[in-house]
Amino acid sequence: MSPSGPELLRQVKSQIEEVDPAEVHELMDEGVTIVDVREADELASGLIPGAKHVPRSYLESRIEGAVPDRSTPIVLYCASGNRSAYAARALQHDLGYGNVRSMTGGITLWKDRGYELQVPRTLTPEQRERYSRHLLIPEIGMEGQQKLLDAKVLLLGAGGLGSPTALYLAAAGVGTLGIVDDDEVDLSNLQRQVIHNSERIGTPKVDSAEQSIRALNPDVTVVKYPVRIDASNIVEIIGGYDVVVDGVDNFPTRYLLNDASVRLQIPVVSASILGFDGQLSVFKPYDGPCYRCLFREPPPAELAPSCGANGVLGVLPGTMGLLQATEVIKLVAGVGEPAIGRLLLYDALAATLTEVKVHRDPECPICSRDPSEIADEELGVFPDYEAFCAAAG
């Protein structure tokens with residue numbers, strides 16, 4: 001005969017170890033891992049400071065991400081101590097965790113004892129629905145989504161690369177998007193710059209981009225910079241942003257961005273496109289090479305997009321821009337392996353993606369030095385660029 005609910009609970013509790021909130025309070029300073037197994041909508045009332053949140057409904061699939069070492073001392077708690085008892089037995093008997101206890105009385109008894117609580121930030125019901133697919137991913141979840149909502153990302157350019165990157169970062173919930181572009185929407189842009197449309201021809205690109213972003217996600221604050229980046233304004237503009245997305249189409253600005261971002265220690269997600277070919281890398285100052293480590297001087301003039309008319313497959317900036325958006329999300333959420341020290345080469349005609357390992361240059365004129373040593377007059381400087389552009393015809 002099957003046991004009743006209360007009988008089953010008694011059996012479960014007889015198979016695990018329980019611990020009083022007073023002891024848990026003492027253990028907080030001793031390195032024990034505390035795991036809250038309540039559901040997300042229960043957290044608004046507060047949780048034990050420093051506790052990891054792994055809902056009971058996802059415990060078996062997510063606990064390894066939160067506590068990868070099965071020998072780690074763990075205390076589980078819920079509202080009253082019942083779900084945490086079932087969770088403790090599951091960790092011990094099914095997943096092989098060797099040091100698991102359940103807190104008696106749960107968060108209710110913890111509060112009654114007057115112990116401190118941490119009141120977490122919560123998403124609005126609309127945000128929970130909007131970002132529900134992110135919340136289901138263990139690597140993102142509530143914590144990662146809140147990091148995205150707090151993030152400030154600057155896009156240099158609202159063109160081919162900036163268009164898909166901006167749209168997908170807005171959709172992902174990046175809280176602040178800065179957009180730098182001094183151009184207006186032109187008919188020839190619409191083959192690839194998907195953030196704009198025919199009705200906005202003649203409209204400043206920053207205004208057109210803002211309209212599309214706000215229509216997609218009202219959570220996002222758009223900061224517009226309808227100017228051309230140069231040595232006089234770059235430090236002021238990029239300062240304060242968490243990540244910069246490089247969507248520029250000329251080498252002077254790219255070198256200028258590199259030098260300023262190294263000085264300010266801001267990571268740059270860089271991509272470039274030409275014809276059927278794209279390349280991408282993440283330049284995180286002092287964690288990997290900078291742009292000058294890879295390209296001490298510009299490439300041959302005939303390969304410089306800013307020095308002549310060059311074609312590009314319309315979908316290629318979409319491909320590379322989405323890769324950029326992915327790298328930004330990884331950097332902000334602190335997950336995965338960003339493409340730091342790697343140059344990704346995409347050949348659309350051959351449908352191949354090649355990875356080239358790249359390393360810091362100990363003789364790099366910029367990142368081999370302390371950032372405080374990089375002077376204003378050095379930003380973006382390299383020899384004979386005017387002659388270089390003239391050679392391209």
Side-chain angles (χ1 to χ4, degrees), residues 139 153 155-169 171-172 186-196 243-255 257-258 267-284 287-331 335-361 388-389 391-393:
E139 292 83 357
V153 176
L155 297 108
L156 294 193
L161 291 167
S163 289
T165 308
L167 288 171
Y168 270 89
L169 291 180
D186 182 83
L187 180 60
S188 66
N189 301 150
L190 303 184
Q191 165 248 16
R192 63 202 177 281
Q193 299 181 18
V194 294
I195 204 167
H196 312 299
V243 183
V244 175
V245 177
D246 172 12
V248 303
D249 61 359
N250 66 85
F251 285 100
T253 306
R254 187 158 280 149
Y255 281 88
L257 170 62
N258 175 78
V268 173
V269 179
S270 179
S272 61
I273 50 176
L274 185 65
F276 290 89
D277 300 314
Q279 65 180 36
L280 175 141
S281 191
V282 174
F283 301 111
K284 189 173 183 183
D287 280 7
C290 74
Y291 188 79
R292 284 190 187 267
C293 292
L294 274 67
F295 307 108
R296 179 71 68 90
E297 295 185 2
E302 64 270 16
L303 297 181
S306 61
C307 297
N310 292 275
V312 61
L313 182 68
V315 298
L316 181 63
T319 302
M320 302 310 297
L322 295 186
L323 288 175
Q324 284 183 287
T326 304
E327 294 302 303
V328 170
I329 290 171
K330 287 158 59 180
L331 286 170
V335 300
E337 298 181 11
I340 300 169
R342 294 181 287 153
L343 183 63
L344 306 182
L345 307 173
Y346 175 64
D347 182 340
L349 277 179
T352 59
L353 189 63
T354 304
E355 179 180 296
V356 178
K357 298 288 187 182
V358 289
H359 304 281
R360 288 183 66 185
D361 179 358
F388 160 76
C389 282

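Position 1 is the first residue of the sequence; numbering continues from there. Quick caveat, the model's predicted, so the values are computed rather than measured. Note that these values count all heavy atoms, side chains included, but never hydrogens, waters or copies made by symmetry.
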Check whether any side-chain N or O of [X] sits under 3.5 Å from a backbone N or O of [Y] as a donor-acceptor pair, and report yes or no.
{"X": "K330", "Y": "E337", "result": "yes"}
{"X": "R254", "Y": "V248", "result": "yes"}
{"X": "E327", "Y": "A339", "result": "yes"}
{"X": "D277", "Y": "Q279", "result": "no"}

Looking at every non-hydrogen atom in both residues, tell me the closest pair between [X] and [Y] and how far apart they are.
{"X": "S281", "Y": "L343", "result": "CB-CD1, 4.1 Å"}
{"X": "G341", "Y": "P289", "result": "CA-CD, 3.7 Å"}
{"X": "F283", "Y": "C290", "result": "CD2-C, 3.6 Å"}
{"X": "A158", "Y": "S163", "result": "O-OG, 3.7 Å"}
{"X": "G318", "Y": "P164", "result": "CA-CG, 3.8 Å"}

Spacing of [X] atom [atom1] and [Y] atom [atom2] [to the nearest 0.5 Å]:
{"X": "F295", "Y": "N258", "atom1": "CZ", "atom2": "CG", "result": "11.0 Å"}
{"X": "R292", "Y": "L294", "atom1": "CZ", "atom2": "CG", "result": "12.5 Å"}
{"X": "L345", "Y": "E355", "atom1": "CG", "atom2": "CD", "result": "9.5 Å"}
{"X": "T165", "Y": "I195", "atom1": "OG1", "atom2": "CD1", "result": "9.5 Å"}
{"X": "Q191", "Y": "L313", "atom1": "CD", "atom2": "CG", "result": "7.5 Å"}
{"X": "L161", "Y": "L156", "atom1": "CG", "atom2": "CG", "result": "11.0 Å"}

**OP:** Name all pairs fulfilling the salt bridge (charged side-chain N to carboxylate O under 4.0 Å, His left out) condition that reach into residues 158-167, sequence neighbours left out, sorted by first residue then second.
**Re:**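 The answer is none; no pair qualifies.
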Subject >> Contact check, side chains of V358 and C293, non-hydrogen atoms, under 4.5 Å >> reply: no
**OP:** Let me know which of L331, L323, D246 forms a side chain to side chain contact (heavy atoms under 4.5 Å, CB included) with V269.
**Re:** L331
**OP:** Show your working on side-chain contact (heavy atoms from CB on, under 4.5 Å) between I329 and L169 and close with a plain yes or no.
**Re:** CA-CA 8 Å; I329 290 171; L169 291 180; 4.0 Å; yes
Subject >> Any residue meeting side chain to side chain contact (heavy atoms under 4.5 Å, CB included) with Y346, in chain and number order, not counting sequence neighbours >> reply: L316, T319, M320, A348, L353
